[in-house]
Engineer: 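Just passing along the structure, written as structure tokens.
In what follows, every chain begins at residue 1, and chains take the letters A, B, ... in the order their sequences are listed. Just the heavy atoms: all of them, side chains too, but no hydrogens, waters or symmetry mates, feed the values below.
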Protein chains: 2
Amino acid sequence: MITDMKHVENTTEYLLEHEVKPSFQRLRIFDYLNEKHNHPTVDNIYKELVNEIPTLSKTTVYNTLKLFTTKGIAQVINIEDNETRYDSDTSTHGHFKCLNCNKIYDFSLENSHFNIPDLDGFENKQTHLYIKGICPSCKNE
Amino acid sequence: MITDMKHVENTTEYLLEHEVKPSFQRLRIFDYLNEKHNHPTVDNIYKELVNEIPTLSKTTVYNTLKLFTTKGIAQVINIEDNETRYDSDTSTHGHFKCLNCNKIYDFSLENSHFNIPDLDGFENKQTHLYIKGICPSCKNE
DNA sequence: GTATCTGCAAAACATTTGCAATTCT
DNA sequence: AGAATTGCAAATGTTTTGCAGATAC
């Protein structure tokens, strides 16, 4: 991984702080994002969690992720057009997708000189930087 | 508009140079992208062009855009997760979407200090920068 | 007991696929 | 005629919606 993850320690408190009632399903979905930070799709989350929550429905996963993004504790990643992915790290950071192994890496934007040119009068509320290419592991094969 | 568009003058020649046989439908679809450069969805293109080409099908629009992206004369814009948009300007440039009026603006990345940090060993093949916020027109209302 | 949350089933969209008809040379 | 292109209809996949039952306070 290129950069350190923001990691939430107490999920229940964190949800409450962001006006999200910590139901069992919501806690497990947030924990999944927070612990694996693997940028999963709805289907990834559902398939993994249905093992431990057999009654789970995809509708709940959709509802929960929409709630999380609305409350600002998750962000959408649109690095590929046929799959919506999610990230519980809501800080501004970049995503690198390897075109060979499809793995998604995070990287910090803090140390980069990231100046938006000629944006006078444009108010920047969200920055999404996606880079695609070949990762070091795949390069060395 | 924040930056100047790349504008193709002779569409037929341009398609031939990129190994795309210039059928009537392909010419009209490319011209639409090139003249309006309004980052349309498949549905936008279809609804507009079906007026002048009554037999046009969405399948053809899909086929054509896939061909264009494969041949490198159009690029996909994933600034929003529920809609795939297209741009005939394949140069690396940023996109700004106004959260109020939904208009998408282009901006140049050439004058910015755009240094990807800690990307040693990562080979950058495509850069996509999306910024969302409020545009000047909407701010002044 | 009332609000909220969950999850099923159906609906709504977006995109892809198979194939037959059309067009171009 | 032969090859490529187009377009219809059906299939697939993803996300949303309506509503009824379950859960929480």
Engineer: Compute the centroid of each ring, for B/His39 and then for B/His37, and state whether the two points are separated by less than 6.0 Å.
Structural biologist: no
Engineer: Aromatic rings B/Phe30 and B/Tyr14: how do their planes relate, parallel, tilted or perpendicular, breaks at 30° and 60°?
Structural biologist: tilted
Engineer: Side-chain N or O of B/Thr60 versus OP1/OP2 of D/dG7: is the shortest distance under 4.0 Å?
Structural biologist: yes
Engineer: Remember a base hit wins even if backbone is also touched, and classify B/Thr55 as base, sugar-phosphate or nothing at under 4.0 Å, heavy atoms.
Structural biologist: sugar-phosphate
Engineer: For the aromatic rings, using the six-membered ring if either is Trp, is the centroid distance between B/Tyr130 and B/Phe96 under 6.0 Å?
Structural biologist: no
Engineer: Closest nucleotide of DNA chain C for B/Asp43 versus for B/Phe24: which of these residues is on the 5' side?
Structural biologist: B/Asp43
Engineer: Determine which nucleotide pairs with D/dT6, using a 3.5 Å limit on both distances of a Watson-Crick or G-U wobble pair.
Structural biologist: C/dA20
Engineer: When the distance from CG of A/Leu65 to P of D/dT16 is rounded to whole Å, what number comes out?
Structural biologist: 10 Å
Engineer: Taking pairing as Watson-Crick or G-U wobble with both contacts under 3.5 Å, can you name the mate of D/dA11, or confirm there isn't one?
Structural biologist: C/dT15
Engineer: When the distance from CD1 of B/Ile53 to P of D/dG7 is rounded to whole Å, what number comes out?
Structural biologist: 8 Å
Engineer: Please work out if B/Glu83 contacts a base, only the sugar-phosphate, or nothing of the nucleic acid, heavy-atom cut-off 4.0 Å.
Structural biologist: nothing
Engineer: Tell me what B/Lys21 touches on the nucleic acid: a base, only sugar-phosphate, or nothing, going by heavy atoms under 4.0 Å.
Structural biologist: sugar-phosphate
Engineer: So if I take every side-chain heavy atom of B/Asn63 and compare against D/dC8, C/dT6, D/dT6, which nucleotide ends up nearest?
Structural biologist: D/dT6
Engineer: Hey, is D/dA3 sitting syn or anti, using the within-90° cutoff around 0?
Structural biologist: anti
Engineer: Nearest whole angstrom, please: distance from the P of C/dA14 to the NZ of B/Lys47.
Structural biologist: 8 Å
Engineer: Roughly, in whole Å, what's the span from CD1 in B/Ile45 to P in C/dA14?
Structural biologist: 13 Å
Engineer: Of all the choices, D/dT5, D/dT15, C/dT6, which nucleotide is nearest to the side chain of A/Gln25 once you look at every atom?
Structural biologist: C/dT6
Engineer: Is the phosphate of C/dT15, meaning OP1 or OP2, less than 4.0 Å from a side-chain N or O of B/Lys66?
Structural biologist: no
Engineer: Tell me if the centroids of the rings in A/Tyr86 and A/Phe68 come within less than 6.0 Å of each other.
Structural biologist: no
Engineer: Mind calculating the distance between CZ (A/Arg28) and C1' (C/dC5) to the nearest angstrom?
Structural biologist: 18 Å
Engineer: Do we see a donor-acceptor contact under 3.5 Å between the side chains of A/Asp87 and A/Thr90?
Structural biologist: no
Engineer: For B/Lys58 and D/dT12, give me the distance from atom NZ to atom P, rounded to whole Å.
Structural biologist: 20 Å
Engineer: Between A/Thr84 and B/Arg26, which is nearer to the 5' end of DNA chain D once each is assigned its nearest nucleotide?
Structural biologist: B/Arg26
Engineer: Cluster question for you: counting only ILVMFWY and a side-chain heavy-atom cut-off of under 4.5 Å, with indirect links fine, are B/Val76 and A/Leu99 together?
Structural biologist: no
Engineer: Is the phosphate of D/dT15 approached by A/Tyr62 (side-chain N or O, under 4.0 Å from OP1 or OP2)?
Structural biologist: yes
Engineer: To the nearest angstrom, how far is A/Arg85 atom CZ from D/dT15 atom C1'?
Structural biologist: 16 Å
Engineer: Grab the OH-P distance between A/Tyr46 and D/dT15 for me, whole Å please.
Structural biologist: 15 Å
Engineer: Heavy atoms from C-beta onward define the side chain here; which of C/dC8, C/dT15, D/dA9 lies closest to that of B/Thr59?
Structural biologist: D/dA9
Engineer: By the 4.0 Å heavy-atom rule, please label B/Ser23 as base, sugar-phosphate, or nothing.
Structural biologist: sugar-phosphate
